[in-house]
Number of protein chains: 2
Amino acid sequence: MPMSSRPLPRSVRDLTGYELLLSVAELGSIGQAAGSHGMSQPAASARLRQLEADVGTALLERRARGTRLTTAGELVASWAQATVEAASDLAAGIAALRADRHGHVRIAASLTVAEYLLPRWLIALRASDPETVVALDSGNSAEVATSVLAGTADIGFVESPEVASGLSAREVARDELALVVAPSHPWASRRREPRAEELAATSLVSRERGSGTRWALERALREHAGLETAEPLLEVSSTTAIKAAVTGGIGPAVLSARAVSTELAAGTLVRLGVTELDLTRSLRAVWPEGTPLRGPARDLLAIALRGE
Amino acid sequence: MPMSSRPLPRSVRDLTGYELLLSVAELGSIGQAAGSHGMSQPAASARLRQLEADVGTALLERRARGTRLTTAGELVASWAQATVEAASDLAAGIAALRADRHGHVRIAASLTVAEYLLPRWLIALRASDPETVVALDSGNSAEVATSVLAGTADIGFVESPEVASGLSAREVARDELALVVAPSHPWASRRREPRAEELAATSLVSRERGSGTRWALERALREHAGLETAEPLLEVSSTTAIKAAVTGGIGPAVLSARAVSTELAAGTLVRLGVTELDLTRSLRAVWPEGTPLRGPARDLLAIALRGE
DNA sequence: AGAAGACATAGGCACAGCTTATGCACTCCC
DNA sequence: GGGAGTGCATAAGCTGTGCCTATGTCTTCT
C-alpha cells in the first residue's frame, strides 16, 4: 500500500555537494566553484570529498592546473543537473508564490498549468529580464477568470473549455487526461480497454467536486453519450493522495497524463485508453478583451506559446 | 557568459521539508509523516513551519483530525515531487555506481544511455524486485562491448551504429543529435538552416576525439557527402562545459537533444536543423550471442524495451 | 630556481536541528 | 454535555555538522 518511494538517502537530501560538482565541471577548479557559491575553498573541498565518499568512487581528477571530472563524475553530474534543474523550477515557483501582490506581473493560473508548465515559463521569463518579479495566484478556472476580469491579475491560465465573456483567449498547450489503475487491477491485464459506458458506471478515486479534472471527465462522458458518472469511490484532496489510493489498489482514477508520467515509467501505475472517448482539453491563456497584453505579461505569453 | 543558473536558494537546497510535505499529503498527518521519515513529530512540525515561512504562505491546514494541504500546499507539493523524483533517479544511479562489481546485475553503459535513460530503468527494476543489486560501469561503446564479451558485464548499452561480432543487439531507444547555438549567434536569427557542407566547414565546440557523439556527427557528415569535419573550435571534457561555451557565444555545438532540452525550453540555447542530414542514431542493448538473457538482466531489457 | 596556482590539513567556533517531556485545542462519542 | 483521545505546538537542552582562517605541500610555468 505504500506508493511513495521510501525517504531519500541522506546523500541526496542536500544538493550543495552536487551543485559544487556542476560548478567544478563548468569552471574547472574547486576554488572557483567555491567562490561561485560564496564559500571558502576548504569548505567546498570537504563537501566534494564527502560526495566522493558517498558514491564510493573518484569523481574528480585533481591536477595542479585545476580539477576535471572523471567519467563517473560526468555521470553523477548529469544526474545531478536534472535534480538541480527540478529544484530550480521549485525555487522559481516558490519565489512567485512568495511575491504576493507586489510583482510586476500578476499571474492567476489553474492547478494543472501552475503545476506542470508555469515554473519553466517563469525561468524563461527571468532569463529574458532578470528584474521581473512575478506574483502567482492559483485557483480553479472560474477564480482565474474572475481575477483577470477584476484586474487582480494581469494574465491568467485556465483549463476549462469555455472562456468567460470579456476575456481574450489563446491556447498555449493541450492536456490529456489518463485513466490509470494499479498493475494488479483486473483492467490492467484485460485484453480490451474499457468502454466509455463502463468507465461512467465505475466508481473512481477522484478529487472533490469542482476540480477541473473531474469536471472535464464528467463533461466528456456527458457529451459522449449523455452518460452520468457514478459516485466517487473515494474523494481525496490531493493528486498525491489519488495516486497513493490507486497504487494501493483502491480503484481506478482519471488524472492529467502529466501527473502520472513517472509512475507510468516506473510501472507503478498502468494507463488505459477509453474506447471512443476524447479525454483531451486545451489549456488557455486569458486576458482582458480589448486591452492588448504588454510588458512582462506579453513576454510570458510569447514564452508560453513558444512551447517547450 | 555564465550559463549556469546562480546557486539554488537556501530554501531548496535541503529537500527534507519537501519530502515531509509530500508525506503529509499522502498520509494525512504530520505525526505519521514524521514517523515515515524516522523523525520525531516536533522535528517534522518545525521543518514544515520553516517551509511555510520560506514560502511566505500557509501550506498546511491543521485540523484536529489531521493535516491537509492548502491549494498553495498542493502546488508546492507538486513542484517538490518533481524534484524528489529527480533526486530519486540520482540516488538510484549512485547506488548502482557504488555497488561496484558485487551486484546481481552488472551493467555496462555508454554515457548517453547511463545519463538519460538508465536511472528510470533502475528504479523500475527495483520496483519489480527490491532485492536486486545493480552494479554500473560506464564507458564508451567500445569499452562496453569489451566488458560484455569478457563477461565482466551481464548486459551492455551502446550508442554506436555497429555492433561487435559475438554480441546480440536490440534497439531500446533512439537518440537525436541537435545542433545548438547561443541566441545571439548569427545562425540563430538566419532564415534558413545551415546546410551539411556549412556545418562540416564550421569549427565547433566539441568533446574529445573518441566521444560517441562526436564520432556520430563525423560519420553522418562523411556518409552524407564524404565531408570531413573542421578542426574543433574548442575541445572540452564535459557536456556541461560544452553548454557553457556555447551559451557564452564561443560557437555552435552538436549534442544529444536530451542534453539540451532544458536550455531550449529556457531559451538559453537555440536548436537548428541541418538540411538533409540525418542526425539520428540508435541506442542498443547488447549481450553475448547465443546465451539468452536471464534473471534481472532480462528484466532490465524488458523494462528498457517497454520504453517510457 | 623561483614563483604562483591549486588543493589538503588543522584547529576552533557557531548554529542548526534533533529528542524528550509537556501543554493545549478540537472532535467524537456516550 | 462532559470525558477521553488524537494531533499539533512549545520548551529546554544537547549533539554534531559544517564553516572559516591560517598554513602546508605539490606541481607547473617562466
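Chain letters run A, B, ... following the sequence lines, proteins first, then strands; residues in each count from 1. Only this structure's heavy atoms are used, side chains among them; waters, hydrogens and symmetry mates stay out.
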*Considering only heavy atoms, which members of residues 63-72 of chain A lie under 4.0 Å from some atom of DNA chain C?*
A:Ala64, A:Arg65, A:Gly66, A:Thr67
In plain terms, say whether [X] and [Y] are close enough for a salt bridge, that is, a side-chain N and a carboxylate O under 4.0 Å apart.
X	Y	result
A:Asp54	B:Arg98	no
A:Asp89	A:Arg120	yes
A:Arg214	A:Glu235	yes
A:Arg258	A:Glu115	no

Tell me: [atom1] of [X] to [atom2] of [N], nearest whole Å?
X	N	atom1	atom2	value
B:Leu15	C:dG17	CG	P	14 Å
B:Leu20	D:dC8	CG	C1'	14 Å
B:Glu61	C:dT27	CD	P	11 Å
B:Leu27	D:dG7	CG	P	12 Å

*Taking only N and O in the side chain of B:Arg62, is any of them less than 4.0 Å away from OP1 or OP2 of D:dA9?*
yes
*Check whether any side-chain N or O of A:Arg49 sits under 4.0 Å from OP1 or OP2 of C:dT9, and answer yes or no.*
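Indeed, a polar side-chain atom of A:Arg49 lies that close.
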Give me the distances for all protein-to-nucleotides 17-21 of chain D N/O pairs that come in under 3.5 Å?
unit_1 : atom_1 : unit_2  : atom_2 : d
D:dC19 : OP1    : A:Arg47 : NH1    : 2.4
D:dC20 : OP2    : A:Ser40 : N      : 2.8
D:dC20 : OP2    : A:Ser40 : OG     : 2.6

*Taking the side chain as every heavy atom from C-beta outward, state whether B:Ile242 and B:Arg207 have any atom pair closer than 4.5 Å.*
yes
*Is there side-chain contact between A:Thr83 and A:Val12, with at least one heavy-atom pair below 4.5 Å?*
no
*Please report the shortest heavy-atom distance between B:Leu22 and B:Ala77, naming the atom on each side.*
CD2-O, 3.3 Å
*Any side-chain donor-acceptor pair under 3.5 Å between B:Thr262 and A:Glu85?*
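There is such a pair (donor and acceptor under 3.5 Å, judged by atom type) between the side chains of B:Thr262 and A:Glu85.
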